[in-house]
Amino acid sequence: MVSIQDKIVLITGASSGIGAACAQAFASSGAKLLLVARRKERLEQLAAELKQKFSCQLHLLPLDVRDRAGVESALSALPAPWLGVDVLINNAGLSRGLDKLHEGSIQDWEEMIDTNVKGLLYITRQIVPGMVSRGKGHVVNLGSIAGHQTYPGGNVYCASKAAVRAISEGLKQDLLGTPVRVTSVDPGMVETEFSEVRFHGDTERAKNVYKGLTPLTPEDIADVVFFCVTRPANVNISEVLLVPTDQATATLVHRQLYSN
Ligand code: NDP
Ligand code: 8X3
């Protein structure tokens, strides 16, 4: 295992779920964290916790990854100790709605495409040139089983994650000949705020997504991200598809039925 001590790790979508779990995993191993999300107060809470638990060095970047000018100015004006990102975890993302395509909300589509695809690209474009010129770095993109298989109502979300998959493949090809590594971590069902966001705050509907089965946890995903990043420099784990034991495909899950 390669040490992550004092490495600079930039995590987008760190205010919740998988991003917050990645922050915990990397902080506990001595990394310095650059944390991005829109909800500043959530980032501050997490930062206070990580400082207390691990004496972690952190720099918060409260921003919307869809805001191209905001991303460019925040990342090009990083304080000197935070220049030189070693690991970029492109995790910020969301789904909105589960409507049939011909009945879907164009606003929902734009939010998903702008965040999952364009936001990821804006951040990557700012960070990867420095990795290339320094001759080191690792990009981890959070894809999804939805980028491998389309499910009913998944249409535009699945398309956005298929795009992430293509971007990861393309980036790996374009970085060939440099030491910069690229990994796509593609989970199935993980219980986070994801379904609540998808259903616009309908918590009951969100809970039902995971009812009767044991989903993955954000920590399960953070474990895999951490494993990929800490392999020796000659090893590039290009893609990991991980699902709960209770899930076989995007649509085939095993649910325990309870009678009460
Ligand atoms: P959460 O909703 O718990 O977390 C999403 C994170 O993304 C939040 O920190 C949110 O922060 C951030 N985010 C969303 N939009 C923006 C934006 N415009 N700018 C900056 N940050 C943003 O969901 P998950 O942890 O589950 O999702 C993380 C990633 O994992 C996503 O890319 C998702 O598609 C992917 N994924 C999730 C799966 C699941 O089943 N949960 C399965 C497969 C993949 P804030 O709102 O504060 O900006
Ligand atoms: C999130 C998992 O199955 O809802 O990417 O698409 S799923």
Side-chain angles (χ1 to χ4, degrees), residues 10-24 35-46 60-68 70-71 74 89-98 108 110-123 140-165 167-168 184-201 203 205-206 208-210 213 215-222 224-225 240-244 246-253:
L10 190 164
I11 305 171
T12 69
S15 62
S16 167
I18 295 168
C22 287
Q24 294 273 354
L35 303 181
V36 172
R38 291 165 301 178
R39 287 171 293 177
K40 190 174 176 219
E41 60 300 342
R42 287 279 202 110
L43 290 180
E44 286 170 346
Q45 273 167 21
L46 178 64
L60 305 185
L61 293 169
L63 61 87
D64 187 329
V65 297
R66 294 171 298 176
D67 174 7
R68 179 179 159 189
V71 167
I89 303 175
N90 272 319
N91 162 78
L94 80 180
S95 65
R96 285 294 200 190
L98 197 59
D108 284 351
E110 288 185 339
E111 203 176 343
M112 290 187 277
I113 293 166
D114 288 349
T115 310
N116 301 356
V117 184
K118 291 168 72 179
L120 179 146
L121 286 170
Y122 298 155
I123 300 268
V140 179
N141 291 334
L142 261 293
S144 171
I145 193 171
H148 297 252
Q149 299 161 17
T150 307
Y151 51 83
N155 45 65
V156 176
Y157 177 71
C158 297
S160 76
K161 289 299 181 179
V164 171
R165 196 170 174 210
I167 290 165
S168 299
S184 185
V185 173
D186 301 348
M189 299 167 88
V190 191
E191 191 162 9
T192 62
E193 294 175 15
F194 176 87
S195 292
E196 236 180 284
V197 172
R198 163 167 264 172
F199 299 129
H200 296 276
T203 45
R205 194 171 174 202
N208 280 336
V209 172
Y210 311 105
L213 60 85
L216 295 169
T217 65
E219 291 73 26
D220 293 327
I221 313 307
V224 169
V225 171
V240 181
L241 177 69
L242 71 156
V243 292
D246 285 340
Q247 180 173 22
T249 70
T251 51
L252 190 59
V253 297

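When reading the values below, keep in mind they use all heavy atoms of this one structure, side chains included, and skip hydrogens, waters and symmetry mates. Remember, it's 1-based here, ligands and their atoms both numbered in the order they're listed.
With sequence neighbours excluded, no residue satisfies salt bridge (Lys or Arg N to Asp or Glu O under 4.0 Å) with R198. Partners of R39 according to the salt bridge (Lys or Arg N to Asp or Glu O under 4.0 Å) rule, which considers only residues two or more places apart in sequence or in another chain, are E193. Scanning for side chain to side chain contact (heavy atoms under 4.5 Å, CB included) contacts around A162 gives an empty result, with sequence neighbours left out.
Among all non-hydrogen protein atoms, the one lying nearest atom 43 (C) of ligand 1 is P187 O, 3.3 Å. Atom 24 (P) of ligand 1 has T192 OG1, 3.4 Å as its closest protein atom, hydrogens excluded (heavy atom only). For atom 20 (C) of ligand 1, the closest heavy atom belonging to the protein is L63 O, 3.5 Å. In terms of protein heavy-atom proximity, atom 36 (N) of ligand 1 is closest to Y157 OH, 3.9 Å. Among protein heavy atoms, the minimum distance from atom 18 (N) of ligand 1 is reached at D64 OD1, 2.8 Å.
Heavy atoms of T115 found under 4.0 angstrom from ligand 1 belong exclusively to the side chain.
Taking every non-hydrogen atom of S16 and a distance limit under 4.0 Å, the qualifying atoms of ligand 1 come out as 1 (P), 3 (O), 4 (O), 8 (C), 9 (O). Atoms of ligand 1 found under 4.0 Å from any heavy atom of G143, numbered from 1 in the order shown, are 43 (C), 44 (C).
Inclusion of G13 in the set of residues having an N or O under 3.5 Å from an N or O of ligand 1 is warranted.
By heavy-atom distance, the residue among G93, G19, S144 lying nearest atom 5 (C) of ligand 1 is G93.
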Ligand 2 polar-atom proximity to protein (N/O, under 3.5 Å):
| unit_1 | atom_1 | unit_2 | atom_2 | d |
| --- | --- | --- | --- | --- |
| ligand 2 | 4 (O) | Y151 | OH | 3.3 |
| ligand 2 | 5 (O) | S144 | OG | 2.5 |
| ligand 2 | 5 (O) | Y157 | OH | 2.6 |
| ligand 2 | 6 (O) | Y151 | OH | 2.7 |

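For the ligand labelled ligand 1, residue E191 lies outside the 4.0 Å heavy-atom shell. In this structure, R42 has no heavy atom closer than 4.0 Å to ligand 1. Under a 4.0 angstrom heavy-atom cut-off, N91 registers as being in contact with ligand 1.
At a threshold of 4.5 Å between non-hydrogen side-chain atoms, the residues K40 and L60 do not count as touching.
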